[in-house]
Asker: 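Sharing a structure, written as structure tokens. Questions coming.
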Amino acid sequence: MTQKDFDEIAELALTHTGIVLGNHKVNMVYARIARRLRVLGITTFKSYLTYLRSNFQSESTEFVNALTTNLTSFFRENHHFDYLRHEAFPKLKQQGRKRVRIWSSGCSIGQEAYSIAITLKQSSFPSDWDIKILATDLDSNVVEKGRQGIYPADSISSLPDNIKQSYFKHSHDGKIIRVKDALREKVCFKRLNLLEDWPVKGPFDIIFCRNVVIYFNRETQRTLFDRYANLLPVGGYLFIGHSESLNGISTRFESIGNTIYKKIR
Ligand SMILES: C[S@@+](CC[C@H](N)C(=O)[O-])C[C@H]1O[C@@H](n2cnc3c(N)ncnc32)[C@H](O)[C@@H]1O
């Protein structure tokens with residue numbers, strides 16, 4: 001892979017995904033795109049780029065899927081779920097609107113959305129409330145994995161036994177778990193590119209966008225958080241990742257600590 005090939009890949013990634021690939025990502029890009037070359041039987045990056053340009057409709061999904069970083073886990077950054085349980089959900093209950101909408105954007109394989117769903121179940125909202133979780137990601141492979149809700153058993157090994165028993169089924173050999181249907185049907189999975197139009201209705205009460213914008217430049221982050229603010233009511237919540245911040249990015253949110261924000265304007 002020449003510098004010119006890398007620059008072209010980085011340019012395409014930025015335009016189509018918002019993901020910034022600095023020169024320090026050369027090895028990562030090499031390893032991930034080389035897999036596509038092997039699958040297609042193409043021997044040089046130059047030829048792959050020619051192939052990508054002339055088959056953009058079909059190959060762009062695979063190209064984008066190869067470049068996303070999908071690291072996630074159940075109850076990752078657990079303090080966010082504590083906040084939902086003890087602060088956000090009781091407040092929504094008090095408001096009594098009987099409608100709750102939550103968006104897990106950049107959901108990866110869905111473990112974030114299922115963690116929200118478990119927390120909702122534990123919070124015993126009245127049964128006549130209309131509650132929905134939307135989970136979206138750019139990478140079509142992870143969206144499908146989320147929809148299936150099938151994971152290696154060790155992905156839930158650190159969860160309390162009562163959660164394991166209530167919400168997951170083990171395979172016969174015990175190596176795989178599946179999210180039980182009652183939980184799966186609470187989450188609607190869709191492919192959505194945060195850089196493009198959003199076919200979502202809103203308004204949302206809560207938006208999770210965690211560990212997604214670290215890969216974006218500040219300009220993309222500004223536009224994105226402005227669009228999130230447009231979909232939240234004043235007082236609506238935004239949860240971001242542990243190494244992310246809205247400092248210098250948006251004045252429409254107020255920090256309430258621990259990478260949790262409230263929309264103020
Ligand atoms: C590191 S994962 C974070 C998963 C989860 N939110 C968490 O914190 O555990 C980042 C996700 O953002 C997604 N992503 C990257 N660029 C995106 C874009 N332009 N639109 C939607 N999702 C994107 C990636 O596909 C990836 O699954």
Asker: Under the salt bridge (Lys or Arg N to Asp or Glu O under 4.0 Å) test, which residues partner D181, sequence neighbours left out?
Answerer: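 Checked D181 against salt bridge (Lys or Arg N to Asp or Glu O under 4.0 Å); matches are R184.
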Asker: What's the separation between atom NZ in K180 and atom OG in S166, rounded to the nearest 0.5 Å?
Answerer: 6.5 Å
Asker: In chain order, what residues pass the salt bridge (Lys or Arg N to Asp or Glu O under 4.0 Å) check against K262, with sequence neighbours excluded?
Answerer: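 Applying salt bridge (Lys or Arg N to Asp or Glu O under 4.0 Å) to K262 gives none.
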Asker: Looking at Q3, I'd like to know if its CD atom is crowded, meaning that more than 12 non-hydrogen atoms belonging to other residues, nucleotides or ligands lie closer than 6.0 Å.
Answerer: yes
Asker: Just by modelled atom types, is the A135 backbone N or O under 3.5 Å from a matching donor or acceptor in the S104 side chain?
Answerer: no
Asker: What pair of heavy atoms forms the shortest contact from S105 to L194, and how long is it?
Answerer: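 That would be CB-CD2, 4.2 Å.
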Asker: With Q95 as reference, evaluate K91, K93, R97 under the side-chain hydrogen bond (donor to acceptor under 3.5 Å, both in side chains) test and give the passing residue.
Answerer: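 When K91, K93, R97 are each tested with Q95, the side-chain hydrogen bond (donor to acceptor under 3.5 Å, both in side chains) holds only for R97.
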Asker: Taking all atoms of both residues into account, what is the closest heavy-atom pair of L231 and G202, and its distance?
Answerer: CD2-CA, 4.3 Å
Asker: Begin from the C-alpha positions of V20 and F216 and carry the test side-chain contact (heavy atoms from CB on, under 4.5 Å) through to its verdict.
Answerer: CA-CA 6 Å; V20 177; F216 295 171; 5.6 Å; no
Asker: List the residues meeting salt bridge (Lys or Arg N to Asp or Glu O under 4.0 Å) with E62, not counting sequence neighbours, and say none if there are none.
Answerer: R36
Asker: Tell me whether L138 shares a hydrophobic cluster with I33, the cluster being built from Ile, Leu, Val, Met, Phe, Trp, Tyr side chains joined at under 4.5 Å.
Answerer: yes
Asker: Identify, with sequence neighbours excluded, every residue that meets salt bridge (Lys or Arg N to Asp or Glu O under 4.0 Å) alongside D173.
Answerer: none
Asker: Which is it for Q122 and L84 under the side-chain contact (heavy atoms from CB on, under 4.5 Å) test, yes or no, and what are the steps along the way?
Answerer: CA-CA 11 Å; Q122 292 170 327; L84 289 181; over 6 Å; no
Asker: Counting N and O atoms only, with roles assigned by atom type, does the side chain of T50 sit under 3.5 Å from a partner on the main chain of K46, one being a donor and the other an acceptor?
Answerer: yes
Asker: Is it the case that the side chain of S108 and the backbone of G110 share a donor-acceptor pair, with hydrogens and angles ignored and the cut-off at 3.5 Å?
Answerer: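 Flag not set: sc S108 to bb G110 has no pair under 3.5 Å.
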Asker: Is it true that the side chains of R76 and Q111 contain a donor and an acceptor less than 3.5 Å apart?
Answerer: no
Asker: Please say yes or no: joined through hydrophobic side-chain contacts below 4.5 Å, possibly via intermediate residues, are V100 and F239 part of one cluster?
Answerer: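 Yes, it is one cluster - the side chains of V100 and F239 are joined through contacts under 4.5 Å.
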Asker: Compare all side-chain heavy atoms of I109 with those of T72 and state whether any distance is below 4.5 angstrom.
Answerer: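 The answer is yes; the side chains approach within 4.5 Å.
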Asker: About how many Å separate CZ of R85 and CG of L120, when rounded to the nearest 0.5 Å?
Answerer: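 Interatomic distance, L120 CG to R85 CZ, rounded to 0.5 Å: 10.5 Å.
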Asker: Going from CD1 on I206 to CD1 on I102, what distance comes out if it is rounded to the nearest 0.5 angstrom?
Answerer: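 The CD1 atom of I102 is 4.5 Å from CD1 of I206, to the nearest 0.5 Å.
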Asker: Please name the pair of heavy atoms, one in I156 and one in H170, separated by the smallest distance, quoted to 0.1 Å.
Answerer: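 Closest heavy-atom pair between I156 and H170: CD1-CE1, 4.2 Å.
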Asker: With a 3.5 Å cut-off and no angle check, do the side chains of D226 and S250 form a donor-acceptor pair?
Answerer: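 Not at all, the side chains of D226 and S250 share no donor-acceptor pair under 3.5 Å.
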Asker: Over 60° means perpendicular and under 30° means parallel, so classify the ring planes of H16 and F56, tilted if in between.
Answerer: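 It falls in the tilted class, 30° to 60°.
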Asker: Can you list every pair that meets salt bridge (Lys or Arg N to Asp or Glu O under 4.0 Å) and has a residue in residues 139-157, with sequence neighbours left out?
Answerer: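 Residue pairs passing salt bridge (Lys or Arg N to Asp or Glu O under 4.0 Å), neighbours aside: E144-R147.
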Asker: With a 3.5 Å distance limit and no angle check, can you tell me whether R101 reaches the backbone of D205 through a side-chain donor-acceptor pair?
Answerer: no
Asker: By ring pair (Phe, Tyr, Trp, His ring centres under 6.0 Å), which residues pair with F89, not counting sequence neighbours?
Answerer: F125
Asker: Looking only at heavy atoms, what is the nearest atom pair of M28 and L21, with distance?
Answerer: CE-CD2, 3.9 Å
Asker: Consider only side-chain heavy atoms of I, L, V, M, F, W and Y, link residues closer than 4.5 Å, and tell whether F208 and I214 are in one cluster.
Answerer: no
Asker: Decide yes or no for N211 and L71: does some side-chain heavy atom of the first lie under 4.5 Å from some side-chain heavy atom of the second?
Answerer: no
Asker: If I compare all heavy atoms of D137 with all of V143, which pair ends up nearest, and what's the gap?
Answerer: O-CG2, 3.6 Å
Asker: Do Y83 and I256 come within less than 4.5 Å of each other through their side chains, counting heavy atoms only?
Answerer: yes
Asker: Suppose the criterion is salt bridge (Lys or Arg N to Asp or Glu O under 4.0 Å): which pairs have a residue in residues 186-199, not counting sequence neighbours?
Answerer: none
Asker: Only one of I207, L238, L232 clears side-chain contact (heavy atoms from CB on, under 4.5 Å) with Y261; which?
Answerer: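 Result: among I207, L238, L232, L238 is the only option passing the side-chain contact (heavy atoms from CB on, under 4.5 Å) with Y261.
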Asker: Using 0.5 Å steps for rounding, measure from the OG1 atom of T15 to the CG atom of L12.
Answerer: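 Answer for the OG1-CG pair, T15 versus L12, is 6.5 Å.
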Asker: In Å, rounded to the nearest 0.5 Å, how long is the span from OG of S115 to CG of L183?
Answerer: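 Answer for the OG-CG pair, S115 versus L183, is 9.0 Å.
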Asker: Is the count of non-hydrogen atoms from other residues, nucleotides or ligands lying under 6.0 Å from K4 atom NZ greater than 12?
Answerer: no
Asker: Verify, without hydrogens or angle tests, whether D130 (side chain) and R99 (backbone) share a donor-acceptor contact under 3.5 angstrom.
Answerer: no
Asker: Hydrophobic clusters join Ile, Leu, Val, Met, Phe, Trp and Tyr when side-chain heavy atoms are under 4.5 Å apart, directly or via other members; which others share one with I176?
Answerer: I150
Asker: Name the one of Y30, F63, Y51 that satisfies ring pair (Phe, Tyr, Trp, His ring centres under 6.0 Å) with F45?
Answerer: Y30
Asker: Membership question, hydrophobic clusters at under 4.5 Å side-chain separation (ILVMFWY): are I177 and V187 in the same one?
Answerer: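 Yes, V187 and I177 fall within the same hydrophobic cluster.
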Asker: So, the side chain of Q221 versus the backbone of I249: is there a donor-acceptor pair under 3.5 Å, distance only?
Answerer: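 No, Q221 side chain to I249 backbone: no donor-acceptor pair under 3.5 Å.
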Asker: Applying ring-ring contact (aromatic ring centres under 6.0 Å, His included), which residue pairs with at least one partner in residues 94-119 are found, sequence neighbours left out?
Answerer: W103-W198, W103-F204, W103-Y228, Y114-F189
Asker: Identify the heavy atoms of A13 and L67 that sit nearest to each other, and give their distance.
Answerer: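 Distance-wise, the nearest heavy atoms are CB-CD1, 3.9 Å.
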Asker: Quick one: does any side-chain atom of H80 pair with a main-chain N or O of N258 as donor and acceptor, under 3.5 Å?
Answerer: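 Yes; at least one donor-acceptor contact below 3.5 Å.
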Asker: For N247, I'd like to know if atom CG has over 12 heavy atoms of other residues, nucleotides or ligands within 6.0 Å.
Answerer: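 Result for CG/N247: open.
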Asker: With rounding to the nearest 0.5 Å, note down the distance linking CZ in R32 to OG1 in T68.
Answerer: 6.5 Å
Asker: Determine whether F6 and N23 satisfy the following criterion, side-chain contact (heavy atoms from CB on, under 4.5 Å), listing intermediate values before the conclusion.
Answerer: CA-CA 8 Å; F6 176 79; N23 267 325; 3.4 Å; yes
Asker: Just grab all the salt bridge (Lys or Arg N to Asp or Glu O under 4.0 Å) pairs involving residues 105-121, residues at least two apart or on different chains.
Answerer: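 Sorted pair list: E112-R210.
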Asker: Could you tell me which residues satisfy side chain to side chain donor-acceptor pair (under 3.5 Å) with T2, sequence neighbours excluded, listed by chain and number?
Answerer: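 For T2, the residues satisfying side chain to side chain donor-acceptor pair (under 3.5 Å) (neighbours in sequence not counted) are D5.
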Asker: Are L92 and I133 linked, directly or through other ILVMFWY residues, by side chains that come within less than 4.5 angstrom of each other?
Answerer: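 Yes, because L92 and I133 connect within a single hydrophobic cluster, where side-chain heavy atoms sit under 4.5 Å apart.
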Asker: Is a donor on one side and an acceptor on the other found under 3.5 Å between the side chain of K263 and the backbone of A229?
Answerer: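 Yes, the answer is positive, given that a donor and an acceptor are paired below the 3.5 Å cut-off.
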Asker: Taking ring pair (Phe, Tyr, Trp, His ring centres under 6.0 Å) as the test, write out the residues that go with Y151, two or more places apart.
Answerer: F74
Asker: Between L224 and V212, does a side-chain contact (heavy atoms from CB on, under 4.5 Å) hold up when you go through it step by step?
Answerer: CA-CA 11 Å; L224 182 61; V212 178; 5.5 Å; no
